[in-house]
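All remarks here apply to the structure that follows.
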Amino acid sequence: MADYQLFIDGAFTDAASGETFATYNPGTGQKLADLPKAGRDDAIRAIEAARKAFDEGPWPKMSGAERAAKLRRIVELINQHSAELAELEALDSGGTILKAQMADVPGAVSAFEWFARMAEERPDRVDLEGSPFPVSQNYIRYEPIGVCTGIIPWNFPLIMAAWKIAPALAAGNTSVLKPASLTSLSALKLAQIIAEADLPPGVVNILAGPGGTVGEELASNPLVDKTAFTGSTEVGRRIMQLASGTVKAVTLELGGKSANIVLDDADLDLAAAGVLWGTFFHGGQVCESGTRALVQRGIYDEFVSLLVEKANNIVVGDQMEMTTNIGPLVSRGQVETVERYVKLGRDEVGEPLCGGSAPEDLPDHLDKGAFYRPTIFADVDNKAKIAQEEIFGPVLCVIPFDTDDEAVAIANDSIYGLAGGVQSGNIERAEAVAARMRTGTVWINDYHLISPERPFGGYKQSGIGRELGTQGYDIYRQVKHVHINPETSGRDNHFHYGVLGV
Ligand code: NAP
Ligand code: MG
């Protein structure tokens, strides 16, 4: 039997096949738990449960305030289990315990809180002023979409689970979630927490299992109305194809290669810290990481030396130690990807100014861990593969520019458009640059600050639609226009029927 179980139709269960798979601590290589490996039949059962809960159950008919109360109960329960959740998240994903305590658990909580507020405050009905016809009354009803599936990546497992489940539930939908196979632990723990909140059976279903079977079923099954996917652009394209069979609504949050632009009027010390924070937080395994630093020529040399000096102080080590700045990457496989790109960088660009290898001075218990040092390539041509392709690891490309126009052109020369930054002493100048960046978020003199209260998502091949904010709530609602002709008999206000001669 697995240590954790699938949550389907309000009950905990093993996979129908009885199969399990193991999950590991990427710092030590130690096995953490055996998890049930759901297959297509488990996914179908979960989807059918969600369908029944939507079509026949009370959830979509409840008021926003009633649903908000249930979401707040989930918040209470997450807070009660916060220490355990933070520990599981750090152990399983390799993110630091500090990140888990300060970002992951509070981030999940604030997502449930925000969408509870949305359920209470956003109206379900909006009356429209005036009539486009001789007489009519018109209004909009906002209704839940139906069965919403969520497929999430391994970099922020708990927050991503909350970003999929909370808005779906708040708006009256039912949900089926599949976490990434490398990091399913916190989502299965969240299932236990949600079970304590006593929602009607089938409203939330959580399954660990492979993308190729469970994920494909969640994106293609005809009983599903909407699929929300966060992950790579490559799998995002596949999700769109799968969802097109029954024309499902699709939200995609995909990859990025974001530019962090440092203008020559920036406070260099602050901007250098900002660029490093924007790139190396969580080992660069953040979709909106500012992995291209565009630096203006006049400050270039001084700025690059500052970057390298500060980067060499970043402590890579055991993610469970409070003094660690960067833990292991999520897996040995991810280290191999980084190594491939660093080799490519050495061929394309030359020797990195720092990093370019695993740390050498790690204690024995970490010698099988997936560690990699912060790595900086300078004088990179934006056309180089390491500047164009998402690496998803601790690798920064520094690219020089002369004018603000050139910075904007380089920033926008990417298939991606998720986010970016502008570091400058002149907010007006920074805003003018920000306005021309083709990305869903721009941070001025900051980076990485994402709140459930503000929309997040990508331009171009970084995605479709927005999560979070009021937009991220409305994207989980159907829009129904109701037109009432108040004339219940007679033809004064029905003269258009005469066009047909009836
Ligand atoms: P991934 O390979 O695209 O996987 C994401 C999820 O999709 C996983 O749950 C995976 O399951 C599943 N999946 C894989 N193949 C599938 C298929 N054919 N059909 C349905 N589902 C499938 O991405 P990842 O490697 O986990 O995460 C890294 C990527 O995510 C990066 O490119 C990053 O930029 C992107 N990302 C974007 C955002 C954003 O908000 N824009 C946030 C975080 C990450 P398995 O785990 O079982 O393979
Ligand atoms: Mg793991």
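In each ligand, atom 1 is the first atom listed, and ligand 1 is the first ligand listed. Hydrogens, waters and symmetry mates are skipped; everything else that's a heavy atom, side chains included, is used. Keep in mind that this is a model prediction, so the values were computed, not measured.
Given atom 10 (C) of ligand 1, the protein heavy atom at minimum distance is Lys178 NZ, 4.0 Å. Annotation: atom 28 (C) of ligand 1 to nearest protein heavy atom, Phe392 CE2, 3.6 Å. Ile151 CG2, 3.7 Å is the protein heavy atom nearest to atom 12 (C) of ligand 1. The protein atom (non-hydrogen) at minimum distance from atom 39 (C) of ligand 1 is Cys287 SG, 3.0 Å. The protein heavy atom nearest to atom 43 (C) of ligand 1 is Asn155 ND2, 3.0 Å. The protein atom (non-hydrogen) at minimum distance from atom 46 (O) of ligand 1 is Ser181 N, 2.8 Å. Counting only heavy atoms of the protein, atom 35 (C) of ligand 1 lies nearest to Gly231 O, 3.0 Å. In this structure, the protein non-hydrogen atom closest to atom 1 (P) of ligand 1 is Ser232 OG, 3.6 Å.
Between the side chain of Asp42 and the backbone N or O of Ala16 there is at least one donor-acceptor pair closer than 3.5 Å. Proximity of a side-chain donor or acceptor of Gln388 to a complementary backbone N or O of Asp413 within less than 3.5 Å is detected.
Ligand 1 places these atoms under 4.0 Å from at least one heavy atom of Gly255: 34 (O). Each of the atoms 41 (N) of ligand 1 lies under 4.0 Å from some heavy atom of Leu418. Those atoms of ligand 1 with a heavy atom of Phe456 less than 4.0 angstrom away are 40 (O). Below 4.0 Å from some heavy atom of Pro210 lie the following atoms of ligand 1, by number and element: 47 (O). Residue Ile239 approaches ligand 1 through these ligand atoms, each under 4.0 Å from one of its heavy atoms: 20 (C).
Remark: the Tyr416 side chain and the Glu390 side chain contain no N/O donor-acceptor pair separated by less than 3.5 Å. Remark: the Thr149 side chain and the Lys178 side chain contain no N/O donor-acceptor pair separated by less than 3.5 Å. Side-chain atoms of Asn25 and Gln319 form a donor-acceptor pair, as typed in the model, at a separation below 3.5 Å. Side chain to side chain, Ser414 and Lys460 fail the donor-acceptor criterion of an N or O pair below 3.5 Å.
Residues Arg238 and Glu216 are paired through a salt bridge, judged by an N-O separation under 4.0 Å between the basic side chain and the carboxylate. Between Lys385 and Glu348, none of the side-chain N atoms (NZ, or NE/NH1/NH2) sits under 4.0 Å from a carboxylate O, so this pair counts as no salt bridge. At a threshold of 4.0 Å, the pair Arg45-Asp41 does not count as salt-bridged, since none of the basic side-chain nitrogens sits closer than that to a carboxylate oxygen. Ion pairing between Arg51 and Asp225 holds under the 4.0 Å rule for side-chain N and carboxylate O. With respect to the salt-bridge test (charged N to carboxylate O, under 4.0 angstrom), the residues Arg122 and Asp474 qualify.
Heavy-atom contacts from other residues, nucleotides or ligands closer than 6.0 Å to CE of Met320 number more than 12. No more than 12 heavy atoms of other residues, nucleotides or ligands shown are found within 6.0 angstrom of CZ on Arg454. Residue Glu87 places its CD atom among 12 or fewer non-hydrogen atoms of other residues, nucleotides or ligands, all under 6.0 Å distant.
Where the criterion is an N or O separation shorter than 3.5 Å, residue side chain and backbone included, Glu216 meets it with respect to ligand 1. The shortest N or O to N or O distance between Glu390 and ligand 1 is below 3.5 Å. The shortest N or O to N or O distance between Thr233 and ligand 1 is not under 3.5 Å. Checked by distance only, ligand 1 and Leu254 come closer than 3.5 Å through their nitrogen or oxygen atoms. Where the criterion is an N or O separation shorter than 3.5 Å, residue side chain and backbone included, Val235 fails it with respect to ligand 1. Of the polar atoms of Trp154, at least one N or O is found under 3.5 Å from an N or O of ligand 1, judged by distance alone. Not a single N or O atom of Thr230, backbone or side chain, sits closer than 3.5 Å to an N or O atom of ligand 1. Between Met160 and ligand 1, no N or O atom pair is found at a separation short of 3.5 Å.
Here the CG atom belonging to Asp9 is positioned 7.0 Å from the CG atom belonging to Asn205, to the nearest 0.5 angstrom.
Taking all heavy atoms of Ile152, Thr149, Thr213 into account, the minimum distance to atom 9 (O) of ligand 1 is reached by Ile152. Remark: among candidates Ser462, Gly463, Gly211, Gly215, the nearest residue to atom 14 (C) of ligand 1 is Gly211, based on non-hydrogen atoms.
A cation-pi arrangement is present between Arg477 and Tyr142, with the terminal nitrogen or guanidinium carbon under 6.0 Å from the aromatic centre and inside a 45° cone about the axis.
In Val286, neither the side chain nor the backbone holds a heavy atom less than 4.0 Å from any atom of ligand 1. If you look at Phe156 next to ligand 1, there are no close heavy atoms at all, none under 4.0 Å. Counting heavy atoms closer than 4.0 Å to ligand 1, residue Pro179 contributes backbone atoms (N, CA, C, O) but none from C-beta onward.
Put simply, no part of Ala219 is less than 4.0 Å from ligand 1, judged by heavy atoms. Contact annotation: Gly209 has at least one heavy atom less than 4.0 Å from an atom of ligand 1.
The protein does not reach atom 4 (O) of ligand 1 closely, with no heavy atom under 4.0 angstrom from it.
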